[in-house]
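Structure first, commentary second.
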Protein chains: 2
Amino acid sequence: MATIAKERRKTAVEAETLEAPSEGRRERKKRRTLQRIIRAARSLFERKGFEAATTQEIAERADIGTGTLFNYAKTKEELLLMVFRDDMMPLVESAFATAPKQAPLLDQIVHYFDRFIAYHRRDIKIAKVLIRELSSVHSPEQREKNREFVRFLVGKIADLVRAAQAQGKLRTDVPPLTLAHNLFAVYYRLLENWLGEYITLDQYERRIRQALELQLRGFLIEESETALSRKAPARRRR
Amino acid sequence: MATIAKERRKTAVEAETLEAPSEGRRERKKRRTLQRIIRAARSLFERKGFEAATTQEIAERADIGTGTLFNYAKTKEELLLMVFRDDMMPLVESAFATAPKQAPLLDQIVHYFDRFIAYHRRDIKIAKVLIRELSSVHSPEQREKNREFVRFLVGKIADLVRAAQAQGKLRTDVPPLTLAHNLFAVYYRLLENWLGEYITLDQYERRIRQALELQLRGFLIEESETALSRKAPARRRR
DNA sequence: ACTCGTAAATGACTAAACTCATTTGTGGAG
DNA sequence: CTCCACAAATGAGTTTAGTCATTTACGAGT
């Protein structure tokens, strides 16, 4: 009767892919269920699209009751975020690992973002919903996870910037994190415009490099080691 | 008699605040109804918040049937966009008009964005939903209106850039529109982060100027007219 | 004035996300 | 082993955005 009272706080959605060293049957079962839910959701989102896939179906496919589903994700949208992060973490790692470390900084950055674009191209409909959901996450836990993810992602870009500075290719009076955020902002805005159908993918591709180059220009150090010979870049204009 | 032939092209949601010179009773009634809908929606969104306000209530308050509402807006979200643009166009004009034209470019830009932030602060809950909806507009008409709006807004920034170039305060090899888009991207990303509760307003305020400055740095021409005396800026780092 | 094509209005209805009171299962304390 | 506290599961029920077949009202041509 007056039992449930408090401590409803912890969402179940904690573990995700992590392996805890020693867990009871209960914990294990919970993790298994979560995994089944994520797989069911991914499968149905891919097959039928986000709106068309009903929570009933997902629950059914995960072999749980409809109510149970909402113990794991507060909303249908949260399900999508779970699937997304599941995919995304390895992708960032890979994009960073395969970046052409000796190429100019601009090329490295472009490579990085290209990988994300390739990912979103696989399922544009889902990507649209995703971008939309990223901007308004209700659950604090989910928000914290997103925050961490972005920190991680932007951190990788900052690493590229620092490397370029260490190699004397970029002015050292530029704060790497701020620059990384700006570069990401430029990319992200174009991504949003593409997925919101404000611009086409073609337009995206034509603009991304030019836009990033504009943020980097002025900070790049030319071939000559001393950085004293500065000839005006005089790039082509729009 | 056969004068007004067929001009049937206009979608219902067209006129918004515009006044057409000669319109029949029908047209006028339609416009009135649209206005009543927008007012009813604004009032209820403000009072009860976006989710809590039901379409039934809005229809009732606008004194129309529930079905009629959806002849004017395809979704509840579209209602919000209508209210938003109603507010926003005058705001952009005003922000541009009051920009401190003699101040450094950075200050002008910051002034511009500050006005938007002030607007969103009035009703943060609504602003959140808004930002979310801007990224995924289903109706092509609505999307086109948004596109126009952004073009207008970014165009104003580009104007500021061009003015600075004309005054010899900014390098002329910088494409104004691309720069304007980049500056807006930096602002917009921070706005999203604020409204998505990834950062606080305080953090926004601390970062916006620094981030914009980083995009402009390198293109600014120093006091000395010739632009030949270049001392390294050596600003504080993060 | 009459008529007809069609724009606009309408509200009962449907579908589906989410809730919640209740039941079931688990692990640990005695 | 037994029992209990509580975590987790459950599905019938509620709520509300959005639909659609039907009706109403306008206005252009005669």
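Just so we're on the same page: letters track the sequence lines, and every chain starts at 1.
Partners of B/Arg47 by side chain to side chain donor-acceptor pair (under 3.5 Å), not counting sequence neighbours, listed by chain and number: B/Ser43. Here B/Arg42 pairs with B/Asp87 under the side chain to side chain donor-acceptor pair (under 3.5 Å) rule; sequence neighbours left out. Under the rule for a side chain to side chain donor-acceptor pair (under 3.5 Å), B/Tyr204 has no partner lying at least two apart in sequence or in another chain. Under the side chain to side chain donor-acceptor pair (under 3.5 Å) criterion, A/Asn193 pairs with no residue at all, not counting sequence neighbours. Under the salt bridge (charged side-chain N to carboxylate O under 4.0 Å, His left out) criterion, B/Lys48 pairs with B/Glu57, not counting sequence neighbours.
The stretch residues 51-61 of chain A touches DNA chain C through A/Ala53, A/Thr54, A/Thr55, each having a heavy atom within less than 4.0 Å of the strand.
Counting heavy atoms from C-beta on, the side chains of B/Phe84 and B/Glu133 never come closer than 4.5 Å.
Nucleotide D/dA8 holds its C1' atom 11 Å from the CD1 atom of A/Ile37, rounded to whole Å. Separating the CG atom of A/Leu34 from the P atom of D/dA8 is a distance of 12 Å, rounded to the nearest angstrom. Rounded to whole Å, atom C1' of D/dT10 lies 13 Å from atom CG of A/Asp63. Atom C1' of nucleotide D/dT14 and atom CZ of A/Phe70 are separated by 14 Å, given to the nearest angstrom. Protein atom NZ of B/Lys76 is 17 Å distant from nucleotide atom C1' of D/dT19, rounded to whole Å. For A/Arg32 and D/dA9, the CZ to P distance is 14 Å, given to the nearest whole Å. In this structure, NE2 of A/His138 is placed 13 Å from C1' of C/dA17, rounded to the nearest angstrom. As a whole-Å value, the separation of B/Arg28 CZ from D/dA25 P is 18 Å.
The list of salt bridge (charged side-chain N to carboxylate O under 4.0 Å, His left out) pairs with a residue in residues 194-203 of chain B, not counting sequence neighbours, reads A/Arg143-B/Glu197, B/Lys128-B/Glu197. Identified under the ring-ring contact (aromatic ring centres under 6.0 Å, His included) test for residues 115-134 of chain A, with sequence neighbours left out: A/Tyr112-A/Phe116. Residues in residues 147-161 of chain A take part in these side-chain hydrogen bond (donor to acceptor under 3.5 Å, both in side chains) pairs, two or more places apart or across chains: A/Glu144-A/Arg147, A/Asp159-A/Arg162. Legend: salt bridge (charged side-chain N to carboxylate O under 4.0 Å, His left out) pairs involving residues 106-119 of chain A, not counting sequence neighbours, sorted by first then second residue: A/Asp107-A/Arg209.
Computed from C1' positions of five pairs at each end, the angle between the two local axes of the helix from C/dA1-D/dT30 to C/dG30-D/dC1 equals 0°, rounded to 10 degrees.
In this structure, a donor-acceptor pair under 3.5 Å is absent between the side chains of A/Asn182 and B/Arg189.
Positionally, the nearest nucleotide of DNA chain D for B/Lys74 lies more toward the 5' end than for the other of B/Lys29 and B/Lys74.
Using a 4.0 Å heavy-atom criterion, one finds that B/Ile64 contacts the sugar-phosphate atoms exclusively.
Nearest nucleotide to the side chain of B/Thr33, out of D/dT10, D/dG18, C/dA9: C/dA9. Which of C/dC18, D/dG18, C/dA12 sits closest to the side chain of B/Thr66 comes down to C/dA12.
With ring centers used as reference points, B/Tyr187 lies under 6.0 Å from B/Phe184.
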Can you name the atoms? Protein N/O to nucleotides 20-23 of chain D N/O, anything below 3.5 Å, with the distance.
none

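At the phosphate of C/dA8, neither OP1 nor OP2 sits under 4.0 Å from any side-chain N or O atom of B/Tyr72.
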